[in-house]
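Notes follow the structure.
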Amino acid sequence: MIDALIWVILIPLLGGLVAVLFPRIAGITGILSTAGMVFACLVLIKLVADSGPQVYLVGGWSAGLGISLYADGLSSLFLLMTAMIALAVSIYASSYFRQSHLRLHYWPLWLLLLSALSALLLASDLFNIYVTLELLGISAVALTALDGKRPAVEAAVRYLVLGLLGSLGFLAGVALLYAAYGSLDLATLATRIQPGAASWAAAALMTAGLMIKTALFPMHFWLPPAHANAPAPVSAALSALVVKAAFYLVLRLWLDLFGVSLSGGVSTLIGLLGAAAVLWGSWCALQAERLKVLAAYSTVAQIGYLFIFLALILEMPVGIPRDEAIAGLMLMALSHGFAKSAFFLSTGIIQQRQGHDRIKELAGAVQGMPVTTFTLALAGIALIGLPISGAFLGKWQLIDGALYLHDWLLALVVLAGSLLASAYIFRVLGQAFGNSPYPTKVLSIGMQEIPAMVLALIATLVLGLASGPIWPFLEVTVMSGRAGM
Amino acid sequence: MLSVQMIYGLAGVLLFTFALRVALSQVAFLRRVLAINVAGAGLFLVFISAAYKGAGQPADPVPHALVLTGIVVAFSATALAIALARRLHRPSDDD
């Protein structure tokens, strides 16, 4: 049964191979592989919930010699989110790319990206993390450049160069840690690491590299062009999953590895950058003229919240408030993933239907595309963090944590960010609900609208109203991590 | 007193720093990609110097395996970068 760990990586990889060999059945292969991933993730979550973290030694080689995979609450929750979003995006893409030659290139790259994501979330040593990070980066860049038009290729080139710089920083940190402590395995390193020049330099290099990849302010500038020029299913995956994977690594490194011995001034810096990202990202989203650009800047802002959360968690002593903050952080990351993918998918429907995504010319959207507009509104609720959405509970924990540490400034930033977010979401909805001078008839594309709506419903209703049963699992995500091994 | 290992390690760090400086400055795309490759080579040197375990001792095999993997990764990333750059410089035929 422990094979669920390896299947999560193998299923999309095999699916990608089938998609290369038999392009005719690529779409159905994509849907079936992602459905298989969802199933494998559910099995994995059940295993982790019942019997704690799972380890799998690839090929039977022991850790240190071979590759070992590791799944705890943190990674299995991120995996389940990835798989569910991937399934919805695949169903959507099979209809979105139906008449386009792009599907020939889309499916293999998309399945390769998913395989890299799963491998990254399950990797348990630093070098494999580096390799999966590069795999993820390369497939994401290729997907960004998918339509081959000039703006998309320019964005992809910039994304690639910055991504490579980010990975170099990460690799430099890995080299330093190996030279200093003679191990790459995260669990072994966590027991050996001491405060000192090597650890500090490694932490700084790795964190800086990953900050480029998560597009934390002020290294966010590559994200809006890359995410706004890619086809909708790609933007959804990039914004909801790829950026989040790099954040997962930051979280993993600081909670499991560096947080134990190093912290102090770092958390202040991370918190400040996060706060700046929230304000600047929301402000730019408010100015955006196109729906996709708005969604991309909103991702910059949402990543800011996650970093504010991390800063607070690093300052908290181990105890119940810290566990609750970690659970809140998870809830916020998950609901952003679902909401943002729903938002991008709906934007794609509008773009295909109207031929553009200019916010000022959205009038009549609600008459012509009622389901899509509803989905946009639902996703918007989760992005603002209004009550009943998962993000509301997350933000509540965030403000709670800030007040617990008497950090009034951060609490104010969170409130200001929410206000700006409601301004940019209601600006879109205000236009969409306007009457069109030329009434259009309702046209519904179930294959595209239903997956987007299901994602938005998960972000608002499931993670909000039904978070009671998930909460205990969220709280133990990191407690059952390496520190206790 | 600098040991051989230290010299190699420091050379790697220097190479990495210089190349990173070039990669971060505003230069032509190709120079940037080359600089990233040189920076990578500097890191590989650091890895390899960490493998040295003293005269007569067998070297640690792990860094060598890592560097081999790293070279493959760097190669494919460079290939993708150059393919994309070629695409940008090709006269547009699709729009």
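Order of the sequence lines fixes the chain letters, A, B, ..., with proteins taken first and strands second; residue numbering starts at 1 for each chain.
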Provide the closest heavy-atom pair for [X] versus [Y] in the form atom of the first, atom of the second, distance.
X: Leu164(A); Y: Ala77(B); answer: CD2-CB, 3.5 Å
X: Leu66(B); Y: Leu184(A); answer: CD1-CD1, 3.3 Å
X: Ala145(A); Y: Leu84(B); answer: CB-CD2, 3.8 Å

Engaged part of [X] at the chain B interface, taking heavy atoms whose separation is under 4.5 Å:
X: Leu168(A); result: both
X: Val141(A); result: side chain
X: Ala175(A); result: both

Identify the residues of residues 215-224 of chain A whose heavy atoms come closer than 4.5 Å to a heavy atom of chain B, ordered by number, or report 'none'.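 The list, in residue order, is empty: none.
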Roughly how far, to the nearest 0.5 Å, is [atom2] of [Y] from [atom1] of [X]?
X: Glu154(A); Y: Arg87(B); atom1: CD; atom2: CZ; result: 12.5 Å
X: Leu165(A); Y: Arg32(B); atom1: CG; atom2: CZ; result: 7.0 Å
X: Leu160(A); Y: Ile36(B); atom1: CG; atom2: CD1; result: 7.5 Å

Among the listed options Leu80(B), Val46(B), Val33(B), Val13(B), the residue most often paired with chain A at heavy-atom distances under 4.5 Å: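 That would be Leu80(B).
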For the pair Phe29(B) and Val161(A), evaluate side-chain contact (heavy atoms from CB on, under 4.5 Å) and give the outcome as yes or no after the intermediate values. CA-CA 9 Å; Phe29(B) 176 72; Val161(A) 170; 3.5 Å; yes
Geometric class of the Phe47(B)/Phe127(A) ring pair [parallel <30°, tilted 30-60°, perpendicular >60°]: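 Geometry flag for Phe47(B) against Phe127(A): perpendicular rings.
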Please indicate whether Tyr8(B) has more than 12 foreign heavy atoms, meaning atoms of other residues, nucleotides or ligands, lying under 6.0 Å from its OH.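 At most 12 heavy atoms, drawn from other residues, nucleotides or ligands, come within 6.0 Å of this atom.
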Check this for me: Arg192(A), atom CZ, are more than 12 non-hydrogen atoms of other residues, nucleotides or ligands nearer than 6.0 Å?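 Yes, because the 6.0 Å sphere around CZ of Arg192(A) holds more than 12 heavy atoms from other groups.
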Taking the side chain as every heavy atom from C-beta outward, state whether Tyr178(A) and Asp60(B) have any pair of such atoms under 4.5 Å apart.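 Heavy-atom side-chain distance check passes, below 4.5 Å.
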